[in-house]
Amino acid sequence: MAGHFILVALVLLLLAARAAAYPWQVCGKAGNNFTANSTYQANLGLLAAALPTNTSSSPGLFATAVVGADDDPVSALALCRGDVTNATLCSGCLATAFQDVQNMCAYDRDAAIYYDPCVLYYSSDAGFLSSADSLAMTNRINFRNVTTDPGGFNRQVAALVGATADYAAYNSTRRRYASGVADLDGGEFPRVYSWAQCTPDLTPAQCRGCLAGIIAQMPRLFTDRVGGRVLGVRCSYRYEVYSFLDGPVTVRLAAPAGGSKAPAPAPESTVDGGGVAV
Ligand SMILES: *[C@@H]1O[C@H](CO)[C@@H](O)[C@H](O)[C@H]1NC(C)=O
Ligand SMILES: *[C@@H]1O[C@H](CO)[C@@H](O)[C@H](O)[C@H]1NC(C)=O
Ligand SMILES: *[C@@H]1O[C@H](CO)[C@@H](O)[C@H](O)[C@H]1NC(C)=O
Ligand SMILES: *[C@@H]1O[C@H](CO)[C@@H](O)[C@H](O)[C@H]1NC(C)=O
Ligand SMILES: *[C@@H]1O[C@H](CO)[C@@H](O)[C@H](O)[C@H]1NC(C)=O
Ligand SMILES: *[C@@H]1O[C@H](CO)[C@@H](O)[C@H](O)[C@H]1NC(C)=O
């Protein structure tokens, strides 16, 4: 009996670990698949051979491509995150992405895969190339809760994520990316860190609109949580109470005047761009 219970618990644990495993894929609709040795698979192979280096050699570490214009075309989008500066790491991440996603979403005509340094999406429907939607979204929640002044924490996280999104959309010149840090006064954690990213082909307004859509999910997903991220093909953000950033911080918020225990002050925040255009 006890052995049976332990087995069931173990299986559940393994399933949970599997569901949470990095990297994260979003596979397309079941049934919308291609077959082995099809033209679609061959076109995907051409993309896998060229897109990683095409992306890492482009100024924004971003590229789109359509292969097989007349015959079962595949459209793809690849992006390395705004704090990635190493082209080898960028192309390596995307080469791995092509391999992994074709195992994790085997024979799917549409699929997205998310890594910390890169994202890859492909589809038989080229419409997404001109769309400013987040597309194939997924989220990750750090299930640990803040216990001291959660209200103040939630407000400061929202202020930071909003300021980071503003900077990524309106103040970063080439890569539509910004990172941020905010002080937390008097709580359990000294600081909270964030980043926000769009694909660099979006206009500032499209970028901010895409981010606004996924930031609107914060109350539902992340209330009291010490960390979380929403990952989309065209826009993403993340926050944590530890630093996970690779590169300079572009947005800095001071703790709200009067400490985070004070009831909802208008955020007296100072945004310090540091003059870094990313
Ligand atoms: C394609 O999808 C259908 C329905 O989901 C499935 O029965 C079939 O095995 C799939 N084919 C391949 C090659 O994966
Ligand atoms: C696909 O091609 C490979 C290599 O040519 C071959 O071994 C395999 O049997 C083919 N599969 C199908 C389903 O045609
Ligand atoms: C990669 O870049 C080359 C050179 O610019 C271009 O000819 C080719 O079409 C691109 N291929 C893909 C899949 O992006
Ligand atoms: C770039 O990334 C590659 C692969 O991860 C690594 O081997 C190399 O040391 C990195 N180069 C620099 C300058 O960091
Ligand atoms: C964390 O907070 C959420 C929302 O208030 C609650 O549903 C959940 O049970 C809490 N989890 C833990 C581990 O305390
Ligand atoms: C960001 O851009 C906006 C709009 O162009 C501008 O008003 C603001 O001063 C800029 N902020 C920083 C920190 O550069």
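Atoms considered below: every heavy atom in the structure, side chains included; atoms not considered: hydrogens, waters and symmetry mates. Both ligands and their constituent atoms are indexed starting at 1 by order of listing.
In this model, a donor atom of one side chain and an acceptor atom of the other lie less than 3.5 Å apart for Asp224 and Asn154. A donor and an acceptor atom, one from each side chain of Arg225 and Asn145, are located under 3.5 Å apart. No side-chain donor from either of Arg174 and Ser172 sits under 3.5 Å from a side-chain acceptor of the other. Tyr122 and Asp110 share no donor-acceptor pair across their side chains, judged by distance under 3.5 Å alone. If you check the side chains of Thr199 and Arg234, you find a donor sitting under 3.5 Å from an acceptor.
Geometrically, Arg238 engages Phe244 in a cation-pi contact, judged by NZ or CZ lying under 6.0 Å from the ring centre and within 45° of the ring axis.
Close contacts of ligand 2 with Ala36, meaning ligand atoms under 4.0 Å from a residue heavy atom, involve 13 (C). Every atom of ligand 4 is numbered from 1 in the order shown, and the set under 4.0 Å from a heavy atom of Asn86 is 1 (C), 2 (O), 3 (C), 8 (C), 10 (C), 11 (N), 12 (C), 14 (O).
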For ligand 3, list all ligand N or O to protein N or O distances below 3.5 Å, rounded to 0.1 Å.
residue, atom, partner, partner atom, Å
ligand 3, 2 (O), Asn54, OD1, 3.0
ligand 3, 2 (O), Asn54, ND2, 2.3
ligand 3, 11 (N), Asn54, ND2, 3.0
ligand 3, 14 (O), Asn54, ND2, 2.8

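Aromatic rings of Tyr193 and Tyr239 (six-membered ring for Trp) have centroids beyond the 6.0 Å cut-off, not under it.
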